[in-house]
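First up is the structure itself, then whatever we jot down about it.
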Amino acid sequence: MIPKLDIPDGLSRDAAESLQGALAAQVVVEDRLGRIETVAGLDVAYDRQGKRATAAIAVLRADDLSVVETRTLDTAIRFPYIPGLLSFRELPAICALLQQVTVIPDLLICDGQGIAHPRRFGLACHLGVMFDVPAIGCAKTPLLGAVCEPGLARGDSTTLLDRGDIVGCALRTRSGVKPVYVSPGHRISVASACEWVLKLSPRFRLPEPLRLADQAARTAQADRLIPHPKKPSPR
DNA sequence: GCGACAG
DNA sequence: ATCTTGTCGC
């Protein structure tokens with residue numbers, strides 16, 4: 001599958017922000033899900049010098065959370081980390097990786113914000129719009145918004161408000177553990193995004209697809225420094 | 001102007 | 001994100 005959009009190289013900060021403002025109009029914050037059989041978690045790990053990035057994807061079956069496939073890809077970093085412009089740093093690697101996957105998953109979850117963003121166009125939105133696939137942003141800390149502490153039980157949540165808009169929610173996926181910050185990326189509502197994240201987090205704080213992708217990215221990053229392939233991938 | 005600021 | 005040791009708790 002070919003993404004309908006591309007991220008130019010050597011983009012200036014101003015140009016990147018303008019691009020977000022324009023692309024934000026394409027985001028659909030309503031449920032346009034279709035049948036969801038596979039869900040994928042996407043994450044990126046970096047080396048110590050901040051030169052190379054390893055993107056990882058973990059594809060799971062939505063019904064029983066069994067792993068369908070895990071894949072990683074190493075690339076050079078071309079954009080610095082700037083709050084609000086994370087997608088320009090991580091998407092090149094993620095997109096390249098996603099294009100290697102046999103079948104694009106029915107729902108994507110990434111480590112970062114969706115519309116809970118200054119220009120309503122966080123990483124999850126950019127990814128979702130590029131591939132025109134339902135996407136959810138699930139961050140470990142909020143980027144903005146008035147955040148109230150949700151109840152202590154698993155499933156408790158509070159809405160994330162910013163400039164009069166409900167942009168997501170703080171969701172407790174594990175009793176007594178810090179909540180995660182969920183916001184729609186594309187083709188999904190705040191309510192559905194929260195439901196999916198909760199459903200995908202039966203045991204740990206982070207949804208299983210994201211947790212496994214995070215794990216895969218770090219392992220691959222470590223193996224890049226010291227090749228220790230215990231389980232060589234087939235082919 | 002000052003502080004905050006996903007990964 | 002990454003650096004970085006031990007430690008408390010289920």
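Taking atom CZ on A:Arg218 and atom P on C:dC3, their separation rounds to 10 Å, with Å as the unit. The separation between A:Arg48 atom CZ and C:dT2 atom P is 11 Å, rounded to whole Å. Atom P of nucleotide B:dG7 and atom CG of A:Leu42 are separated by 15 Å, given to the nearest angstrom. Between the CZ atom of A:Arg163 and the C1' atom of B:dA4 there is a distance of 15 Å, rounded to whole Å. Distance, A:Leu86 CG to B:dC5 P: 15 Å, rounded to whole Å. The OH-C1' distance, from A:Tyr181 to B:dA4, rounds to 15 Å in whole Å. For A:Gln113 and C:dA1, the CD to P distance is 13 Å, given to the nearest whole Å. Put simply, CG on A:Leu91 is 17 Å from P on B:dA6, counting in whole angstrom units.
Side-chain contact, A:Glu90 with A:Tyr81: no donor N or O sits under 3.5 Å from an acceptor N or O. Remark: the A:Ser66 side chain and the A:Asp64 side chain contain an N/O donor-acceptor pair separated by less than 3.5 Å.
Listed pair A:Lys140 / B:dG7 meets the phosphate criterion, a side-chain N or O lying under 4.0 Å from OP1 or OP2.
In this structure, A:His126 has its ring center under 6.0 Å from that of A:Phe88.
Heavy atoms of A:Gly84 sit under 4.0 angstrom from at least one base atom.
A salt bridge links A:Asp162 to A:Arg120: at least one charged side-chain nitrogen sits closer than 4.0 Å to a carboxylate oxygen.
Residue A:Thr141 has its side chain nearest to B:dA6 when only C:dC3, B:dA6, C:dA1 are considered. In this structure, the nucleotide among B:dG7, B:dA6, C:dA1 sitting nearest to the side chain of A:His117 is B:dA6.
Evaluation of A:Tyr81 against the base of C:dA1 yields no stacking contact (centre distance < 5.5 Å, interplanar angle < 30° required).
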